[in-house]
Structures are given as structure tokens and as C-alpha cells.
Amino acid sequence: MAVTLCVPPRAGELCAPVRFLLRQDSVVMELTARHRITGVEWNERERAVAMVVDITDPQTARPVDVRIDIAEAGTADVAARTTKIGAIARDGRQYDVLGTYLGVVADEN
């Protein structure tokens with residue numbers, strides 16, 4: 001099941017799949033506002049959560065900050081802006097992968 005933390009891509013809009021390796025249990029990252037998370041899985045060889053995100057052209061979609069958290073299954077309080085992306089099994093234990101929309105990236109100028 002595909003998940004978005006902000007706005008889904010428009011129908012027919014071209015997207016590029018990007019694979020991220022999340023090596024920590026909490027990561028803040030920048031994505032395009034229009035994106036679709038299509039999968040998460042535990043990668044034993046990399047010892048990281050692999051997350052595939054379809055992103056739109058960064059020239060046409062504003063950047064947004066999101067936080068990805070890996071928490072023991074069923075233990076995390078899910079805030080209003082938080083969405084369950086998926087679940088993984090790591091070292092014999094079950095974990096939920098959660099994503100939180102943090103907001104539009106602030107201009108530096």
C-alpha cells in the first residue's frame with residue numbers, strides 16, 4: 001500500500017523511485033511535497049530499513065521535512081500528523097515504521 005505524508009503525486013505525473021537506507025531509529029529528511037512511499041523492509045545485509053519513495057520533480061514540488069521513526073510494534077503514540085508507513089521484522093522483533101509531516105522547508109534567504 002502506498003502512503004504519502006503530505007500530498008500524493010497527480011494522476012499521470014512522472015515520479016522517480018528513490019531508495020533510502022535508514023540506519024537510525026529516528027531520521028528527519030527532506031522530500032518533495034508530492035511523494036509516494038511504496039515500501040519499507042529490513043535489509044539484513046545493510047543492517048538498515050530500506051524505504052522506497054516515488055518523488056516528483058523537485059523543480060515543481062516544494063520541499064517538505066518529514067520524520068521517520070522505527071518503534072516497537074504497537075508502542076508508539078501516533079500524533080495527528082503521523083502515519084503508519086509499514087512494519088518490519090528486525091532481530092526477531094516486530095517494529096512499526098511511522099512517518100510524520102513536519103512542514104514546508106523554510107527558505108534560507
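Reckoned from all heavy atoms, side chains included, excluding hydrogens, waters and symmetry mates.
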### Query
Does Leu5 share a hydrophobic cluster with Phe20, counting links as ILVMFWY side-chain heavy atoms below 4.5 Å and allowing steps through other members?
yes
Side-chain donor-acceptor pairs of residues 95-106 under 3.5 Å, sequence neighbours excluded:
unit_1 : atom_1 : unit_2 : atom_2 : d
Asp96  : OD1    : Lys84  : NZ     : 3.2
Asp96  : OD2    : Gly74  : N      : 3.1
Thr100 : OG1    : Thr82  : OG1    : 2.8

## Note on the structure
Distance col, row Ile37:CD1 vs Thr83:OG1, nearest 0.5 angstrom, shows 8.5 Å
### Query
Between Arg47 and Asp91, is a side chain to side chain contact (heavy atoms under 4.5 Å, CB included) present by the stated rule, with each step listed?
CA-CA 10 Å; Arg47 300 288 302 159; Asp91 300 326; 3.2 Å; yes
### Query
Looking at side-chain heavy atoms only, is the closest gap between Arg19 and Asn43 below 4.5 Å?
yes
### Task
Identify the heavy atoms of Cys6 and Ala33 that sit nearest to each other, and give their distance.
CB-O, 3.4 Å
### Task
Establish whether Val40 and Val18 are linked, either directly or via other cluster members, by ILVMFWY side-chain heavy-atom contacts under 4.5 Å.
yes
### Message
Please check: side-chain N/O of Arg93 versus main-chain N/O of Ala73, any donor-acceptor pairing under 3.5 Å?
### Response
no
## Note on the structure
By salt bridge (Lys or Arg N to Asp or Glu O under 4.0 Å), Asp25 pairs with (sequence neighbours left out) Arg90
### Message
What I'd like to find out is whether the side chain of Leu14 reaches to under 4.5 Å of the side chain of Asp57, using heavy atoms alone.
### Response
no
### N/O donor-acceptor pair under 3.5 Å between Thr4 side chain and Arg36 backbone
no
### Query
Does any non-hydrogen side-chain atom of Arg10 lie less than 4.5 Å from one of Thr56?
no
### Task
Indicate the atoms forming the closest heavy-atom contact of Arg23 with Glu46, along with that distance.
NH1-O, 2.8 Å
### Task
Can you establish whether the number of heavy atoms outside Glu44 located under 6.0 Å from its atom CD is more than 12?
yes
### Message
If hydrophobic clusters are built from ILVMFWY residues whose side chains come within less than 4.5 Å, do Met29 and Val52 share one?
### Response
no
### Message
Quick one, Thr32 and Val53 - any side-chain contact, counting heavy atoms below 4.5 Å?
### Response
no
### Residue among Thr38, Asp54, Ile55 satisfying side chain to side chain contact (heavy atoms under 4.5 Å, CB included) with Pro17
Asp54
### Message
For the CE atom of Met51 and the CD1 atom of Ile68, what is their distance to the nearest 0.5 Å?
### Response
4.0 Å
